[in-house]
Structure formats: C-alpha cells, structure tokens
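Remarks on the structure that follows.
We name chains A, B, ... by the order of the sequence lines, and we start the count at 1 in each one.
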Amino acid sequence: MKLTKLSPKILTLLALALLVIIAPMFFPSSFYYRIGALIFINGLAVIGLVILVGYAGQISLGHAGFVGIGAYSCALAPEHLGISPVLAVFLGAFLSGLLAWLVGRPILRLRGHYLAVATLGFGILIYMVLSNEAQWTGGPDGMAVQATGLKALLKSMGFKVSASEMWYWIAAVVMMIGALIALNLHTSPTGRALRSLHDSEVAAGTVGVNVANYKLSAFVISAIYTSVSGSELALMNRFISPDVAGFLHSVELLTMTVLGGAATVFGAVIGAAILTSLPQVLTVLHDFEHIVLGLIMMLVMIFMREGLVPSLAKILRRRPK
Amino acid sequence: MTLLTVEDLSIEFGGLKAVDGVNFNVEAGKIVSVIGPNGAGKTTLFNMLSGLYTPSRGRVTLAGKDVTNQPPYKLARLGMSRTFQNLQIFLQMSVLENVMAGCHLTEGRHIVTDLLGLPASGRRTRQSMKDALGLLERIGLQSHATDEASGLSYGALKRLEIARALAVRPQLLLLDEPAAGCNAVETEEIDHLIAEIAAEGVAILLVEHDMKLVMKISDHVIVLDQGMKITEGLPTEVAQNPKVIEAYLGVKATEEVHNALG
Amino acid sequence: MTRFNHLKTTALAIALAGSAAIAVPAHADIKIGSSLAITGPASFLGDPEAKTLKMLVNELNANGGINGEKIDLIMYDDAADPNQARTFATRLVEDDEVVAVIGGTSTGATMAMIPVFEEAKVPFISLAGAVVIIDPVKKWVFKTPHTDLMACGKIFEDIKARGLSKVGLISGTGGFGKSMHEQCLSVAGKYGIDIVADETYGPKDADMTPQLTKIAGAAGLQAVVNPGFGQGPAIVTRNFKQLNIKVPLYQSHGVASKSFIDLAGDAAEGVRLPASALLVADMLDDSDPQKAVVVGYRDAYVAETGQPVSTFGGHAYDAFHILVNAIKSAGSNNPAAIRDAIENTKGFIGTAGEVNMSATDHLGLDLNAFKMLEIRDGDWTIVK
Amino acid sequence: MSELLQFFFSGITVGAIYSLVALGFIIIYNSSGVVNFAQGEFVMLGGMSTVFLFNAGVPLAIAAVAAILITCLVGIALNKLAIEPAKGASVVTLIIITIGASIFIRGMAQLVFDKQFHRFPSFSGDDPFLIGGATILPQGVWMIAGAIAVFIGLFVFFTYSLTGKAVLATSNNKLAARLVGISTNMMMTLSFGLSAAIGALAGVLVTPITLTSYDVGIALALKGFAAAILGGMGSPFGALVGGILVGLIEAMTAGYISSEYKDAASFIVILAVLFVMPNGIFGRSTIDRV
C-alpha cells in the first residue's frame, strides 16, 4: 500500500529542477535567461497564490499590492534606511506579512464576490499610494533601484555572467525553495486544515479548525511569497513602477494560478511559464495579440476548468486503459 | 452523568419560529434521537447546538460549561462533533485524508514546523495516518484509503463522515440522518456502528427518519413538531403517545412502528 | 505515473514557447528596434508613432535603403508597461541584436529600458516627454519630443506676457501629467508665477467639475494650466466651459492633435497650448525651413493612414530621420559609431524644430522650437 | 453652498454611470451567479458602435438603437459560446473566463474601430442648467434619468413579470426552476442579452460626457462591480444606490479632501461597509444549508 505522500513531492521538485537545468541548453540567446527568470519570479508569486486559492479556497484580486510592497521596499529601504537591497527583501516580506495580518482578518470574513471586491479595493489602495506619493516613489513613472552588488561580487570571484543569467539562477533557486515549502505544507497537518476549509468551511469548523485563523495564515503566507517575487523583480530590473501593484497584475497572477491548476505547485509554474512567455510568442501576431490571448484564456478555462496540469494529467492517465 | 443540557433554545428566521423553547438533556453513553415531521426544526436545532446558527434565546451547556454561541471549532475542542444531512465531505482529498483532517485537534497548530517540513511535522502526520487507518477499518473503508473521496458511494460517504467525526475524539456526537439514502445492509452497518460508539461512552444525539432504526437503538426519543418539543421519553412510550401519532406518525406509520417493535 | 506525465507536458510547453519565439524572421539588413505603447493607456500616442515608423521604413526601403542596405524594423508593443518594456529591450539587444532603438512611448517604459541600452551600448532615441530622460545626460540615450519642463516654461512665459501671475493647476495623475506637474511647480518661481490652486484627476475620470469648482474659488485666480494627456484634458476643457470660468485655460503639448479640438468642441475656443509647427503646417511662412518638412510628413501620413496627423507621430518621424542620417554619416552599422553621429546631429530640421545635439544636450531643441497656439473657430492659430 | 451643490451634481452624474454598469452586472448575476467582468466592454461597444455608425452618416437615434442591438447580440454570443459551455465551473474559473472575454472583445474593438478617443453630440445640446449657482449638463440629466428608468424597469421586471421571476428562480435553484418548466438556458440567454443592452445604453448615454475609446471598459467594470457589491449583489435598488454613493463619495472627496485620493476614498468606504455588512447595504445574508 503506497500511503506516504512523500514521493509526489520529490517528483515535483525533481521535475522542476530538471526543467530549470535543461531549459538553458535550448536558449538561442541570453535574452531567454530573462524570460526564464521572469517565469520563476512570477512562478514564486503564483505558488503563494496556490496556497491561498488552491489550498485554502480563497480568492484575491489584490495580491499585486504585495508585489508592490516587496518591490518598493527594495527600492526605498536602501535609499532611505541605508540597508542593503538584499536585506530589504526580508524587510519587504515582513511588511507584507504584517499588513496581510492586519487587514486579513476583517477581509477574509467575506466570501466569494464580496471577498473579490474587498481584496480588489485593498490592492488598489496600495497602488494609489505608490502612484500618488511621488516624492517617495517617483510616481507613475517609477524609480530606479540600487544594484545588489551581486554581479560585482561574482565577478570578483572570477565568475563572469550576464545579469540575465545570474537572475535566472537566483530566481530558480528562490522558486525551488518556495515550491519546497508549499509542498511541505500540502501534506502537513496545517495543509490539511487549509484544504479542508477549501471544500467545506462548516465541516472544517466541526473538526476543530479555527477557520478564520487558518484563512489568515494562508493570506499572510501568500502575501510573503508575492512580496519576495516583487523584490526579485525590482532587483533584477533595477527599476520599478507602480504598474506591478496594479489590478491588471493581480488578475495576471490569478490567471496564472488558475490556468495551470490552482491546487498544484507544478501547475502554478506551468501557468506562470505560459502567461509569461505568451506575450513574447504572440508578438508575431501583432494586432491579433490580444484576441488570441483572450481566446486562450477562455478556451483553457472552458475545456480544462481544473487548469492545464490536472486536466492534462487526467486525460493522459485515462488513455492507457 | 448529564453531558448536554439544552434549555429554552429558540431561533427565528424573519419572524418564523423555527425552533421554540426546546429543553432536553443527553447523558453520556446514551443514544438520544430527535424525530419529527419535515420542517419540524431538527436540523436547525443541530445547527444551533453545533454553533453554526446563533440562537435568539436559550442556553446550551456541554459538560457543565455554557457553550451557547460558541463557534464550531471551540465546541470541537470541548468534545462535540457532528455529521451533516447534506454531506460535507472534503471532496478534493483522498478518503484517508478526510479522516486525517478530523485528527486536527490532536495534531495541533504548528505552522512553521509544517512549512519547513521538520521531522515533527512528519511525525504528527504519521500518527494521524495511523489513527485514521484504524477508523477506516472500523467503518470498512480501509481498502479505499487512497481513493479520491468523490468516487465513493453515498452510503460510504455517510460512514466516512462518521469516521471523520470520530477522529475528533468526541464526548458527544451529533448524527444528522446517518442512514438516509442507505440500503438495508448499509443501514444495518450504521446501526451497529452507532451502538458500538455509544458503548464506548460517547453520547449520541441522532436525527433520523428511519423509524425502525430509531426505535431499535435509541435510549430516549425527543419529538419535535413545528419547532416545539411535543413530548419525550422511551421509544415505546413515545410511539404510544397519541399526540405524536396525531401530529406526526399518522395511521400508516403507526403500523410501521408497531411492526418494528413487533 | 502522473508525475511522468507532468514532465511530458512541460517539455511540450517549453518546445512550443521556444519554437514560436525562434520563428522571428532574421535578415542581414540593418536592424533597428522599437518598443512602443501600441496598445494600453498611451496607445493614442504609440499608435501614430508605430504607423509613422512603418511608413518611413517602407518608404526608405522602396528607395533603396541606406547605402544599398535595407532597414529591418523590429517592433514590439510594450503597452506602456515598464516591466514589459524592459523585457523587450533585453530581447532587442540580446536576441534581435539591433544596432539602435527608437521608442519608449511613455516615460516609465523609457526609464525602465535605459539601463539595458546603457549596459549593452546601443543608441536609444526615446519618444517620451519627461526631462529626466536626458537630464542628467546619459551617454546612449537621446530623445526628440520637447520636454515637459520646456512646455511649462513656454506656458508660463505666455501667461507672464499677458500680465498674469496667479495660476491654478489641474493635472492628470498619469505619468505624463504627474511629471509635468512637478516640472511646472519647480520652474513657477523662475517665471514669477504663483500657484494658487493645485488639483488632480484620474486617467479615466468622467467629470472634473469638483476640482475646477475648487480652483475657480481660489483667491485671485488668473489662469489655469492642465498638464495631462488622453481624454482628460478634453473633459477638463468642457467642464471649464460648463462652470463658466472666465480666466484663460492652457493645455499641454500632450493634447497636440486635431482630435482634441473635435472632442472638446466649442469649449476649446480660446484654449492655448505649446506645440510644434506640425499642427500649423499650412500657416508657416513659405520661407520657414520647417514648412517643407512638416507639410511633407503630414500629407504622407494622412495619405497612408487616413487619420489626422499628431505631434506624437512627428516625434517618431524626427527620431527616425536623426537615426538614418546618423547611420549614413557614420558609414557603418557599428552602434558606437551611430551613437557618436547622433550626438553630432546639427541643423536637422524636424517636425519639432531645428535639432542641434551635443555631448551635453541629447535633445537639441530650444524654446523657440515650440509655438504657442490658440484654438480659434475650431482650428489652430499661432500666437505671435 | 453652491459649491456643495456642484459637487452633488458631479457626484450623481458620475454615479449614474456606475449605477448603469452595476445594474448590468446584477442581471447576469441574478440569473447565473456569474460576475461578468466583460460588462464594461458592453458599455464600450455601445459607445464605439454609435460613434462609428454616426460618423458614417447614420442619424444619431438610429445609430444608438443599432449599437444597442449589436451589443445585445455580442452579449448573447458571449453566453452561448463561453458561459454555457462552462456550466458549473467555480467562481474563480468563471471570473477568468469573463476577463478573457473582455480582453478578446477589446482586441477585436481595436481592430474593427481604432485606438483614438471619440464622442458624438449631446442629445440636448451643451448649455448647462444653472441651479442655485451650480451647473449640470443636459446630458447629465439624461444619464441620471436613464439610470432611474433602467432601475424602475428592472424592478418591475423582477417583481411583477413572470419572466423576471423565472430569471430569479433560475439563479436560486436551477434544478427546481427546470422542474417547474422554466428553460434555464433561455433565461441565461435572455439575461445576457438584456445586460448587454443595458450596458450599451449606458455607453450611448455617457459617451457625450465621458468620451469613449476601445479601452474604457475595464475601469467602468471595476467601479460598477464595486458599486454593485456596495449596494448588495443582486438587488437592483442596491445597484442604483451603490453607484450613486460611489459617485458622491468621489465628488465630495475631490471637492473637500483630496482629488488625488478620491478613488481611494470610495474603496475605503466600500471596505468599511463590507466589514460591518458583509453582504452589502441591501444584500440578503446567506445561510449555510448543511
């Protein structure tokens, strides 16, 4: 009897690691490292959303707000507090977690569409602060971010890599850590509690799950994931603008989550990979880009409503029989 | 020993008195059934007892503690768990995980340990798995442990809910129509299961339409009609009570009862 | 078993993404890159820019290209999203290996791209407005539109010439409005202008009467300036008339297209704004060296697209010609040589005016290149 | 005093736009439980189609009616092609489908129409009415009257007409509705068509004031959705009041506090209301049936 859930965890990690290592062999130019890095950065945020949406069954149309907090922490803290940009990642994560903890309790009392609007409003508030407080944030045109000094450090150690290449590996490692944590959670007692309230809050309550607290935990954890991804984005681009905190980015992240398969870490990465590379692929279509993007979103969700990875897995599993 | 005391419990929905001034007690290790025609307020009563609805009046005492208005998760900690008339299975989990989810209280809340996947986390999961497998064996579903819960038959899901509720290690178990939709064999199994649980000292409060089952296993029966308790007593007493026969059982059902007691 | 299937799926997804991306055509011609806001909130700027570039490239290639070599224009749509723009900048440099880049419709996108081109040493001519793009001077970065700082200066000069000084600002909260708002505040003192009211509106707002009511209530108000682009300024202008505010209204160069007059209707009467000569091509003296340039571009654009000309397309026109001239005079496709040639642009007559670049000035326009226009009888007139 | 009145006029004019969008939202929500994020695109299609037909020489009134019919067809197509096939999908999945639809419609619009801003003449001229020192445009009065008329129409429809009751029954319990002989598919199609038509009507009414372009939809959908939630999802009265309230909060904040944070103010109020009333102002509370 195969009861231990250990093996799927290791298999998912192995698959991700293989993907990370093998992909560069097919890169025609170092530009692809940047796409890879963006996929892993988005992937991290989406893994966070898998914990909130896939495990705990909550919805958020405002998570880009936390991307904004993570990103602007790395832009502002080195300048005003004099701490290193890398340290600022942790500061951003702490601030995001704290904010999520403060607003999460009242917001998460809401359900369904009401929760959607509350999170939407919350995200928009963060966006407005970032966009309006121009004396701090540079306003809608954005601001530059200090270099991490990592590249110089590598160079002094004798490694000469392009920025894109370096961030490919950094983002990959951070995402793998994020995936490991999310996979740990999935089969753990806490993960079961979260997943139970996904299916029935009432039943979760009667087996002793403090529904409000667990929802809040999922919200805080996912906020931290998203914040770290925002920090990575700021440090890699060395430039940041409020768009990363905007509603459209929230929708983009949620779409990645659901497209790949909201309940699986592997699906999250696939969803991120598709939606991140799609605009690059679709450039050949010029004016038809948005039409095709909209079509793909609709078709996948209509015909594979559990998301790509679970739906395809089901189809492939059925075939041999 | 009186485990559960219900005093003057009432609730209104937009002026309609769904439950009105209900009183009763449940003793440890006894099986108490709540019966009554459709719409009598049985499930509403359960929902108030288990903290889902807020009563407009009255008091619920569990093991000497006032638990009126307590949220469900606190009631679980105090030893109350339940099953549902409209199944509330965790459909995205395996059969085994459904029961393991019931072990939540013994597992405790250790989020950081779980996130980091520390050995203690695995230990707690393995302990729950052991307990859950034991319970699955008890309800005869051990061979389905790794199946998706959504694939089980209705009767099996009913038993799965009981196993999950037992995983909470309750002192008081609320069963809302555990035999509804089950065939004769399944009903028989559930009948045995309930008797066994009660024999271990767990108090059971039961809502059930299957009169045969009620009359056979109940130590005490409470009859509700239009939100009010019209009588209570031993199954035989209740079955003879003209008020009950008039308000609820009707002529045909009376015959059934007599046959059942036969 | 299922995990193995996951792997297959991934391989498929990667293969798909990869093959489609590689399918971009590659020529041995001179590759020029461009990333513009063809869609998104700044698309009414990016759209004429893109159309202008395509038109000019086709025209040049039909006439034999530069020294016999054809231009290959690789154009991406960044939708004014800085993160997208950054990605496309990397793609242009590392994958497409272009020799120079025109673009960045919005300031945000431009600023996000600059580090890429600075690091890769590829000349970059931006089409965005803000002064921060070229001040301080960055070695590889140039731009063609007048800065917002110049627009503020031109407007304040005109206000002062009318003997007025107490000004109310109503600015859009988008990048353009916000940046110009900051610049206007910074130079107001220099022109003896007193900002007596300072309000904003969102990019998609439908009614600005509350803000204008507040401005109208400011003590001693003598003129109102509206930094912003898009539909906002048209609504501001209409609300201005609705509230019957009796002081002069100034718009920015961000609305310098005929469609503004159409959208604002009668309310546009008497509105002044700084703009390039392109809008008043027919009114220029025949002796004006700009006349042939602006009339030629306007006629070609209208014939090609069937849409009225805007100064935004003009920025792309200027950038393209500056770049082509630089490639010609550099006599090579070497980015460094092209950069040096761009920096040496002297006496170039474009739609925005005469461009004279130098090591310390990567714009090369002065305030004279701006004309103060007033809308009368539904058309532009030049304020002398 | 005239200042306050001016802010009030501005607030209800803008609020009328939000109300119209919110009313469109709740029709679809009431029949299917779907929140249609493409609702804003209906408004855009109504405005843009009218503009292009009008510029092609079609008289304004006919252009407007044609635009409403075109949009109505798009709404029905959306239901048939994207919503019906996804029957039974989760809230998030349906949200993503309608967002996909909105991206698709916007992409089509930028091809079929263009990327410029447009308007057509106001119905009754541009000379403002002067009331107590404040002004309101005749078109603003048209918009407010339109929002109220649509509200009354919907109220009567849902409360008194058999079809309206059938729509509500469909949303409450699909199976039961089918058992009493209601064609639930028909009801869904009807509500999408109706909602699209109301969206297009909104587009026709507001374009002379707000102008239109291919991408005006998203912002309108956001505000309209927020307004519908504030009022209580599903209640026509809630949608009307929610929309007007959001408009008034924005105008008053812009007038008295800070124009920079007027959008923030409306969301802060919405959050505050939801914290106290988790089902909006006029929404009914839901009870778990277990």
Side-chain angles (χ1 to χ4, degrees), chain C residues 37-48 50-51 79 170-171 173 178 181 197-217 229-235 238-239 241-244 255 257-260 262-267 305-308 310, chain D residues 2-18 106-107 110 114-119 121-122 126-130 133-137 139-140 143 206 208-216 218-220 222-223 247 250-256 258-263:
Chain C
I38 302 172
T39 59
S43 58
F44 66 99
L45 307 181
D47 190 43
K51 285 179 172 150
I170 176 159
S171 320
T173 51
K178 197 109 190 170
H181 168 257
D198 191 359
E199 296 293 326
T200 64
Y201 59 85
K204 292 282 172 200
D205 282 5
D207 185 271
M208 287 69 154
T209 53
Q211 292 94 318
L212 287 171
T213 304
K214 249 174 116 179
I215 292 176
F229 68 21
Q231 89 281 33
I235 297 175
R238 299 182 75 90
N239 290 159
K241 173 158 186 247
Q242 178 193 339
L243 294 174
N244 202 18
V255 299
S257 71
K258 187 72 173 33
S259 70
F260 170 73
D262 297 338
L263 294 173
D266 291 347
T305 64
Q307 286 171 345
S310 70
Chain D
S2 72
E3 222 182 50
L4 174 66
L5 201 59
Q6 185 62 52
F7 300 156
F8 178 76
F9 285 160
S10 168
I12 53 171
T13 311
V14 174
I17 307 174
Y18 301 153
R106 216 176 307 137
Q110 75 189 37
D114 62 13
K115 293 171 197 162
Q116 303 299 313
F117 292 101
H118 298 278
R119 80 182 280 270
S122 310
D126 291 324
D127 296 328
F129 299 120
L130 195 66
T135 59
I136 186 165
L137 291 171
Q139 193 66 32
M143 280 158 54
V206 306
I209 284 193
T210 65
L211 319 183
T212 192
S213 72
Y214 78 98
D215 65 348
V216 293
I218 322 170
L220 286 174
L222 279 189
K223 287 282 175 65
E250 286 182 9
M252 294 302 162
T253 312
Y256 289 117
S258 149
S259 47
E260 269 193 328
Y261 280 103
K262 69 178 172 48
D263 290 346

Begin from the C-alpha positions of C:Phe229 and C:Leu45 and carry the test side-chain contact (heavy atoms from CB on, under 4.5 Å) through to its verdict.
CA-CA 9 Å; C:Phe229 68 21; C:Leu45 307 181; 3.3 Å; yes
Please check: side-chain N/O of [X] versus main-chain N/O of [Y], any donor-acceptor pairing under 3.5 Å?
{"X": "C:Arg238", "Y": "C:Leu263", "answer": "yes"}
{"X": "C:Asp207", "Y": "D:Ser10", "answer": "no"}
{"X": "D:Gln6", "Y": "D:Ala134", "answer": "no"}

[X] versus chain D, heavy atoms under 4.5 Å apart: side chain, backbone, both or neither?
{"X": "C:Pro203", "value": "neither"}
{"X": "C:Ile38", "value": "both"}
{"X": "C:Asn244", "value": "neither"}

What part of [X] gets closer than 4.5 Å to chain C, counting heavy atoms only: side chain, backbone, both or neither?
{"X": "D:Leu220", "answer": "neither"}
{"X": "D:Ala251", "answer": "both"}
{"X": "D:Gln110", "answer": "side chain"}
{"X": "D:Thr135", "answer": "both"}
{"X": "D:Tyr214", "answer": "side chain"}
{"X": "D:Pro121", "answer": "neither"}
{"X": "D:Lys262", "answer": "side chain"}

Please check if any side-chain donor atom of C:Thr200 sits under 3.5 Å from a side-chain acceptor atom of D:Glu260, or the reverse.
no
So which of [options] has the largest heavy-atom pair count under 4.5 angstrom toward chain D?
{"options": "C:Lys214, C:Gln231, C:Lys204", "result": "C:Gln231"}
{"options": "C:Gly217, C:Ser171, C:Gly230", "result": "C:Gly230"}
{"options": "C:Ile170, C:Asp262, C:Asp266, C:Thr39", "result": "C:Thr39"}

On a heavy-atom basis, the closest approach of C:Thr173 and C:Gly202 is OG1-CA, 3.4 Å
Write down the atom of D:Met143, the atom of D:Ile17, and the distance for their closest heavy-atom approach.
CE-CG1, 3.3 Å
Distance in Å, D:Lys223 NZ paired with D:Glu250 CD, rounded so as to fall on 0.5 Å steps
4.0 Å
Please report the interatomic distance CD(C:Gln211) to OG1(C:Thr213), rounded to the nearest 0.5 Å.
8.5 Å
Which one, D:Ser258, D:Gly107, D:Pro128, D:Gly11, leads in non-hydrogen pairs under 4.5 Å with chain C?
D:Pro128
